[in-house]
Amino acid sequence: MEKTFQPADIETRWYDTWEAAGYFAPQGGERAYSIMIPPPNVTGSLHMGHGFQEAIMDALIRYHRMRGFNTLWQVGTDHAGIATQMVVERQLEAQGITRHDLGRDKFVEKVWEWKEESGGTITRQLRRLGSSLDWSRERFTMDPGLSAAVQEVFVRLYQEGLIYRGKRLVNWDPALHTAISDLEVVSQEEQGHLWHFNYPLAGGEGHLTVATTRPETMLGDTAVAVHPEDDRYAHLIGRSLELPLTGREIPVIADEHVDREFGTGCVKITPAHDFNDYDIGKRHGLPMINLFDDNAALSDAAPEAYRGLDRFEARQRVVADLDALGLLEKVEDHTLMVPRGDRSDVVIEPYLTDQWYVDARELAKPAIAAVENGAIEFVPKQWENTYFAWMRDIQDWCISRQLWWGHRIPAWYDEEGQVYVGNSEEAVRQAHNIDASVTLRQDEDVLDTWFSSALWTFSTLGWPEDTEELATFHPSSVLVTGFDIIFFWVARMIMMTLHFRKEVPFHTVYVHGLVRDAEGQKMSKSKGNVLDPIDLIDGIELEPLVEKRTGGMMQPKLAQRVEKATRKQFPEGIAAYGTDALRFTYYSLASTGRDIRFDVGRIEGFRNFCNKIWNAARYVHMNCDGEDCGVAGDEPLELSLADRWIVARMQQTAADVARAFDQYRFDHASQALYEFIWNEYCDWYLELSKPVLWDDDASAGAKRGTRRTLVTVLEAWLRLLHPLMPFITEEIWQSVAPLAGKRGDTIMLQPYPEPEKHAQDEQATRDIEWLKSVIVGIRTIRSEMNIPPGKEIPVLLTSTSGDDKKRLEQNSQYLKKLTKLADVRWLADRNDAPAAATALAGELEILVPMAGLIDKDAEIGRLNKEIGKLENDVSRIEGKLGNPGFVDRAPADVVNKERDKLAAQQQALETLREKLQRIQTM
RNA sequence: AGGACUAUAGCUCAGUUGGUUAGAGCGCUACCUUGACAUGGUAGAGGUCCCCAGUUCGAAUCUGGGUAGUCCUACCA
């Protein structure tokens, strides 16, 4: 074995081996366990959020696979309608053409080409993370099978009246030329103005003043509304106003929606361009004037002077023209929420168009019930509130998109515009007796990407066919996801699955936090703070990293800033840490209800942990290869105190890890393993094995027992650790397993260690704790008295307790070796003690004779410090016990515990004071 | 506007049903290349548990009220 752990070659080697051997495919017992991967964008690439999420799923999958579950981790990718189409359109733009130049078929062909070309990136990256996905079952949301499921769902929902087509106000993206759903609109606060305009009363005897943030829409006003009980305006209700610039007259109406306090209390109503105005318009039967075209430029519905102007140009013109007419009352600064498209970042326009909708209210009812009655559980629980709040006020879901990339809506129109929905044109013709002489034209639109994602848990398993996989693996066990897509995806999956399968899509939703950078900032390309998990695995030099982060940036200023920040944060680039270290870092940060700040310092610590593991294995090999490790069981074998102790600790760790998995506390699992492996197995057990293995006088049985424990405990914790660190555990297990008498091609399919309660050994645990405290006592004296670590010193022990004496007899070898003692002796009468430096371990006094070693003043200082601490302690406990309230009202065992503690501390205090006195009188 | 979450060592975070001397990793200090590992070992220093009030014999933990930060939902033209 190499002296240090080198992850690079073993990781890819093992992954290829596993995949080729088919270990990722479901196999195992009656109980099924399944997770459906949240399908990443097929042409995307892995970011830290993915890395985190995949690591969690892989741990769960490997854990259950090892426990004998019939385990499926379903893999697949999403066609990501808008995102993918945008990328390809941008490529065309670079060549100076648009998708319209190509035409629909050619363009879609291009997108498929791009998918083929770049679709491998993310799946390659998933492999680098060690994700044990069943690649043989890989799916894509636009596969024929999944497309058939999408069609089936659409047709059935239409037939049930749960999908309908309607002319409504939608969120229109003027850059992408498509409608988008409410969820795809991101509103942010921006600085704007509030313009006050005077609208003259028809008849010429005065005016009303309205306030607006969007002056250009006044061209489409069809009323002005006031509050019905507003005394200022009550007499004007029903009168008409002259709408300036248009030559139209509009009525003054009364509506409860108007807030009398805001602005002037008069609201201009533009039903075709504002969601609230739309509702008011419907209530009052107002005309709706659609001012804009698809680009949000003014259409022929606007007065001639404004036609063809962009909405923002039109705004300036309208304000200027009203000002010229003397109708601009005033302009105020005003902050307002501006809605922007989450993809395009342009201002979204409420726009009147024909779109397809899903009646979400109806589907939401059983979906709410499923969470209420516990059929689906969120972890952490608090997300259920978020889910309920949204579901109980859910709006119909606009599912049509004016894009070319996606599932085309299975609806056909005849020449009269009559719509027919069915699985194909033939099916439609047949169902409605339409002969070939009638031309049918398919709806141009495609479905929202999330429509197909909503079917993911069952469409991937073969639905609408009645497959064996569906019966076995559906509902899936758990969904692992970020909170940002609870509405986009989780809620819709629950609704669709309950409707079509009459069962939940998953029993548990594990909601993890967002991965942020070390400063707590969201990672984003424009901030230049993104980390690529692959770069943490393989490492990257500074220059390529800078290039990667600034490459393709349009704004030179931004690129400069990103470059500067990158050079500052990673002056040496990023080191190669390996997949196992990266994964372990994710787990250690995965506590619940909290975002993750990714600090490179953490991963370095876990890289070192990998090295520690590696070297522990190296030690075991050095001492056990070619030796009798006692696993055959036919030779006499003797287990030491340390052997029994580490076995007990191992069992406890197995129990801790099992509980952590049960509660989705990966941070607890990782910490339990880290502490056990480093602080107990390596720091103590390996050290305690040396005095036995290197002692020529030790019996063959004792050596055999130690070797057996070394290899069997190592072999067991490798299995325990494997779900979190798959590669290093496999690599080591291959060579260690035979020593432990185990056979098998891979650790992946070995049974997971089950905690055995009876293996607890309290006696051994207490004895080792005693030994540790004595050793630490001696080391402390050594360190604080500046006794060179190599110098062998004598030690005397004395105590009133018989146990202490017995323990010394059993452990003197350990003590001598581990603390470099020339000699350790029991002192029968503590009054015979020579001048010495003293430490206490319970009632035991540890004495390091001063002769030639100890500085008197230093020891006095040390004792005073100890005494000071004890005095504080004693007075604190005395105060507590002196409080009648405490003694009378606290439970007896708590009081007794305090009394015991006080007695022990007083005893220790007395001993040390006595020592101090003796040394002072020397 | 409503709601959720967070606030513990210089930094990143644990802390079960109230009783711990409040812990870990990184960083820091001192010493040490000893036959698994310097990506290491040993011993240390370091905390007003955001603030105020309350409940309690006892509060990092429970309740109320603040402050700061993050986020979600909705929205006043």
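Below, read A as the first sequence line, B as the second, and so on, with proteins coming before strands; counting in each chain starts at 1.
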Please produce a list of atom pairs where a protein N or O lies less than 3.5 Å from an N or O of nucleotides 45-47 of chain B.
none

Taking 5.5 Å and 30° as the limits, would you call A:Trp694 and the base of B:rG35 a stacked pair?
yes
Could I get the full list of ring pair (Phe, Tyr, Trp, His ring centres under 6.0 Å) partners for A:Tyr674, not counting sequence neighbours?
A:Phe606, A:Phe609, A:Trp678
Counting just side-chain N and O atoms, does A:Trp678 come under 4.0 Å of either OP1 or OP2 of B:rG41?
yes
Distances for protein N/O vs nucleotides 57-64 of chain B N/O pairs under 3.5 angstrom?
{"residue": "B:rC57", "atom": "OP1", "partner": "A:Arg889", "partner atom": "NE", "Å": "2.7"}
{"residue": "B:rC57", "atom": "OP1", "partner": "A:Arg889", "partner atom": "NH1", "Å": "2.1"}
{"residue": "B:rC57", "atom": "OP1", "partner": "A:Arg889", "partner atom": "NH2", "Å": "2.8"}
{"residue": "B:rC57", "atom": "O4'", "partner": "A:Gly885", "partner atom": "O", "Å": "3.3"}
{"residue": "B:rC57", "atom": "O2'", "partner": "A:Asn883", "partner atom": "ND2", "Å": "2.8"}

Whole angstrom value for the distance that separates C1' of B:rC31 from CD of A:Glu784:
12 Å
Show your reasoning for whether side-chain contact (heavy atoms from CB on, under 4.5 Å) applies to A:Tyr681 and A:Leu710.
CA-CA 9 Å; A:Tyr681 187 80; A:Leu710 270 178; 3.8 Å; yes
Report yes if at least one side-chain N or O of A:Asn608 is closer than 4.0 Å to OP1 or OP2 of B:rG40; otherwise report no.
yes
Strictly below 4.0 Å, heavy-atom distances to any atom of RNA chain B: list the hits from residues 183-196 of chain A, or just say none.
none
Please tell me if A:Arg779 has a side-chain N or O lying less than 4.0 Å from either OP1 or OP2 of B:rA30.
no
For the pair made of NZ in A:Lys3 and C1' in B:rG40, what is the distance, rounded to whole Å?
10 Å
Among side-chain atoms of A:Glu604 and A:Asn608, is any donor-acceptor pair under 3.5 angstrom?
no
Could you pull out all residues at least two apart from A:Phe483 that satisfy ring pair (Phe, Tyr, Trp, His ring centres under 6.0 Å)?
A:Trp383
Counting side-chain heavy atoms from C-beta on, which of B:rA36, B:rU12, B:rG19 comes nearest to A:Leu589?
B:rU12
Give the rounded distance in Å between these two atoms: CE of A:Met622 and C1' of B:rU34.
14 Å
Would you call A:Asp230-A:Arg260 a salt bridge at under 4.0 Å N-O?
no
Think A:Lys901 has a side-chain N or O under 4.0 angstrom from the OP1 or OP2 of B:rG19?
no
All N/O contacts under 3.5 Å from nucleotides 67-72 of chain B to the protein, with atom names and distances to one decimal?
{"residue": "B:rU70", "atom": "O2'", "partner": "A:Arg516", "partner atom": "NH2", "Å": "3.4"}

Measure from CD on A:Glu687 to P on B:rU34 and round the result to the nearest Å.
14 Å
Donor-acceptor contacts under 3.5 Å from residues 219-227 of chain A side chains, at least two apart:
{"residue": "A:Asp221", "atom": "OD1", "partner": "A:Lys268", "partner atom": "NZ", "Å": "3.0"}
{"residue": "A:Asp221", "atom": "OD1", "partner": "A:Thr270", "partner atom": "OG1", "Å": "2.7"}
{"residue": "A:Asp221", "atom": "OD2", "partner": "A:Tyr199", "partner atom": "OH", "Å": "2.7"}
{"residue": "A:Thr222", "atom": "OG1", "partner": "A:Pro287", "partner atom": "O", "Å": "3.1"}
{"residue": "A:His227", "atom": "ND1", "partner": "A:Glu229", "partner atom": "N", "Å": "3.1"}

Is the charged tip of A:Arg583 near the ring of A:Tyr586: under 6.0 Å from the six-membered ring centre and within 45° of its axis?
no
Which residues pass the side-chain hydrogen bond (donor to acceptor under 3.5 Å, both in side chains) test with A:Arg665, sequence neighbours left out?
A:Asp667, A:His668
Between B:rG66 and B:rA7 - C1' atom distance, rounded Å
14 Å
For nucleotides 27-29 of chain B, print each protein N/O atom paired with a nucleotide N/O atom at under 3.5 Å, atom names and distance only.
none

Between P of B:rC13 and CZ of A:Phe584, the distance in whole Å:
17 Å
Any donor-acceptor pair, under 3.5 Å, between the side chain of A:Arg602 and the base of B:rU12, if you only look at N and O atoms?
yes
Under 3.5 Å for both distances, Watson-Crick or G-U wobble, that's the pair rule; now give the dot-bracket for RNA chain B, with | marking pairs to another strand and [ ] for crossing ones.
(((((((..((((.....[...)))).(((((.......))))).....(((((..]....))))))))))))....
A:Lys690 side chain near B:rU34 phosphate (N/O to OP1/OP2, under 4.0 Å)
no
Does B:rU39 have its OP1 or OP2 closer than 4.0 Å to a side-chain nitrogen or oxygen of A:Arg607?
no
Could you tell me whether the side chain of A:Gln395 has a donor or acceptor atom within less than 3.5 Å of a complementary atom in the base of B:rA74?
no
Figure out the CG/P separation between A:Asn896 and B:rG19, and round it to whole Å.
17 Å
Tell me which nucleotide among B:rA77, B:rU12, B:rU20 gets nearest to the side chain of A:Glu898.
B:rU20
Touch class at under 4.0 angstrom, heavy-atom based, for A:Asn872 against every strand present:
nothing
Can a donor-acceptor pair be found between the side chains of A:Glu687 and A:Ser689 at a distance below 3.5 Å?
no
Looking only at side chains, do A:Thr209 and A:Asn198 share a donor and an acceptor under 3.5 Å apart?
yes
Sorted by chain and number, sequence neighbours left out, side-chain hydrogen bond (donor to acceptor under 3.5 Å, both in side chains) with A:Gln663 holds for none
Tell me every residue that passes ring pair (Phe, Tyr, Trp, His ring centres under 6.0 Å) with A:Phe378, counting only those two or more places apart in sequence or in another chain.
A:Tyr387
Just to confirm, is there a sub-4.0 Å distance from OP1 or OP2 of B:rU16 to any side-chain nitrogen or oxygen of A:His668?
no
